[in-house]
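Ligands are counted one by one from 1 in listed order, and the atoms in each one are counted from 1 as well. The first residue of the sequence shown is numbered 1, and numbering continues consecutively from there.
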Amino acid sequence: MRRPDTIEHMYLDFDGFFASVEQQIDSRLRGRPVGVIPYVGGTRAILIACSREAKARGVKNIMPVDEAKSICPDLILVPQKPEMYRRAHNALVAEIHAVIPIDTVKSIDELACRLGADDIADPYTLAQRIKRAIRYGIGASITCSMGFAANRHLAKIACAVGKPDGCTVWRPQDMPGPLIRIPLEDVPGVGRRMAQRLAIAGVETTEGLLRLAPKEARALWRNVSGERLWYALHGYAIEAPPSQRGMFGHMRVLPPEGRTLPAARDIARLLAVKAARRMRREGYTSSLLMLHASLKDGWWGRERVMRQVQDDAAVLQSLLLLWSELQTTAGKSRQIFRVGVTLGALTPAGERQLDLLDDDDDDRQRWERLGRAIDGANAKFGRTLVSVGPWDPPKGGNVGGKISFTRIPSAEDFA
Ligand SMILES: [Mg+2]
């Protein structure tokens with residue numbers, strides 16, 4: 001395996017993205033502690049993002065609102081606006097792309113680039129040009145941090161070190177010095193749970209992890225991802241599995257008797273479950289659900305940001321929220337001719353950033369285990385025997401098997 005002798009990758013992560021977009025669109029929020037909460041409160045309201053001013057006061061992402069308010073009584077709570085964040089994301093990506101080609105968009109607030117010769121020689125100038133493009137092209141409230149390293153994984157860790165508004169360069173000759181200062185559980189790919197497992201095996205620091213043999217890392221992880229992580233941390237040019245997939249989606253034209261809202265909703269559920277099943281099979285998680293429909297008076301589409309999920313329960317929950325919006329719109333026309341569901345913003349399942357937005361790791365893993373059991377049972381019997389919620393395929397079968405999306409929908413599709 002190749003071990004580069006210079007930096008080759010840049011990783012960029014926006015600082016407190018949702019909160020900074022809120023501050024950009026509403027000047028009254030600038031310079032003040034802001035917490036973003038889910039639109040639908042649910043039983044326990046939790047901050048899904050907070051501004052740097054809030055962070056400076058000790059408020060954290062994933063913190064219950066009550067706790068955040070007790071630490072920071074003047075915290076301003078704003079409900080999340082996923083479509084706004086998506087639009088900001090697109091505008092920012094366009095600005096950055098004008099400076100350097102983007103290799104991969106990793107999530108709504110993270111992306112990675114390969115470096116050209118000039119950037120390798122002088123990464124700080126590149127960082128400055130990007131920061132300037134964002135400042136003058138979009139606005140000064142939105143800032144980002146960048147990390148430069150031999151591979152993308154190290155660049156991501158370097159990026160986190162410099163937050164907020166940072167630029168961290170880890171050249172191979174400087175390694176592993178800055179890396180071993182990172183707490184083991186903060187290393188992406190380790191996480192709290194894995195750190196506990198490693199501690200039992202006597203590995204309690206990042207330095208300890210680096211000292212293992214690659215095969216030992218593999219054994220501890222019980223799969224190849226441990227070995228991959230080992231090579232990444234040692235600065236090898238290890239690439240993530242090629243992510244050819246842009247999205248998983250299904251669309252269906254509804255039969256005349258199936259054009260009512262309740263009938264269309266059942267179909268949308270089936271399409272979502274089918275798409276999620278295919279996504280699991282190919283080993284991805286999604287952080288964006290899109291629902292689209294043809295109504296009497298035209299095309300309708302909305303999207304919703306999710307938390308890098310792959311289980312039916314999470315996908316169906318987001319679908320339900322989008323459906324209630326569709327229901328409001330379609331209430332007048334009362335007929336749906338076509339419905340489509342798409343899972344986008346894909347990440348290889350092993351690279352999910354647990355605990356980033358929502359402390360739902362245990363729940364997610366429980367649902368995911370259930371999902372694997374369901375997929376296993378259905379694969380064994382060659383048809384859908386088990387599902388989360390009702391499964392009532394329409395006549396003719398082939399739910400979503402006919403048309404799949406192979407392109408990223410443009411803004412026009414959602415107008
Ligand atoms: Mg971020």
Side-chain angles (χ1 to χ4, degrees), residues 9-25 29-30 33-38 46-56 59-63 68 78 80-97 102-113 127 130-131 133-135 138-149 152-168 182 185-189 191 285-288 304-309 344-347 351-361:
H9 291 260
M10 184 268 275
Y11 200 94
L12 183 151
D13 182 357
F14 291 99
D15 305 317
F17 183 57
F18 297 171
S20 69
V21 172
E22 295 289 348
Q23 289 177 317
Q24 188 58 50
I25 51 187
L29 299 176
R30 293 180 198 167
V34 176
V36 179
I37 50 172
I46 277 178
L47 295 182
I48 57 171
C50 53
S51 69
R52 69 170 68 189
E53 295 81 5
K55 280 182 187 151
V59 177
K60 293 192 168 79
N61 293 345
I62 326 163
M63 192 176 260
V78 293
Q80 67 165 344
K81 303 178 190 69
E83 288 185 28
M84 189 69 76
Y85 308 150
R86 191 73 194 164
R87 285 220 291 273
H89 163 89
N90 289 339
L92 288 159
V93 164
E95 287 292 338
I96 295 167
H97 196 79
I102 295 169
D103 183 28
T104 319
V105 172
K106 299 294 291 179
S107 72
I108 192 154
D109 73 336
E110 292 172 39
L111 54 87
C113 304
I130 290 173
K131 284 174 191 280
I134 295 169
R135 185 180 185 92
I138 308 288
S141 296
I142 299 175
T143 62
C144 66
S145 296
M146 281 169 259
F148 295 81
R152 194 193 286 162
H153 204 82
L154 282 176
K156 180 186 167 86
I157 304 174
C159 173
V161 168
K163 282 198 155 288
D165 205 14
C167 171
T168 308
I182 310 284
E185 65 174 61
D186 289 352
V187 173
T285 61
S286 160
S287 48
L288 191 72
R304 198 176 162 79
V305 175
M306 305 187 291
R307 320 240 191 278
Q308 293 193 343
V309 295
L346 305 179
T347 306
E351 291 178 23
R352 183 170 62 169
Q353 299 171 307
L354 296 175
D355 297 351
L356 176 66
L357 286 177
D358 209 352
D359 193 12
D360 65 350
D361 194 6

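- Legend: protein N/O/S atoms lying under 2.8 Å from the Mg ion (ligand 1), waters omitted, number 3.
- Here the CD-CZ distance, from Gln80 to Arg304, works out to 5.0 Å after rounding to the nearest 0.5 Å.
- Nearest heavy-atom pair across Met10 and Ile130 is CE-CD1, 3.4 Å.
- Of the charged side-chain nitrogens involved, at least one lies within less than 4.0 Å of a carboxylate oxygen, so that Lys131 and Asp165 count as a salt-bridged pair.
- Under the salt bridge (Lys or Arg N to Asp or Glu O under 4.0 Å) criterion, Lys81 pairs with Glu22, not counting sequence neighbours.
- Partners of Phe148 by ring-ring contact (aromatic ring centres under 6.0 Å, His included), not counting sequence neighbours: none found.
- For Asp186, the salt bridge (Lys or Arg N to Asp or Glu O under 4.0 Å) test picks out no residue, with sequence neighbours left out.
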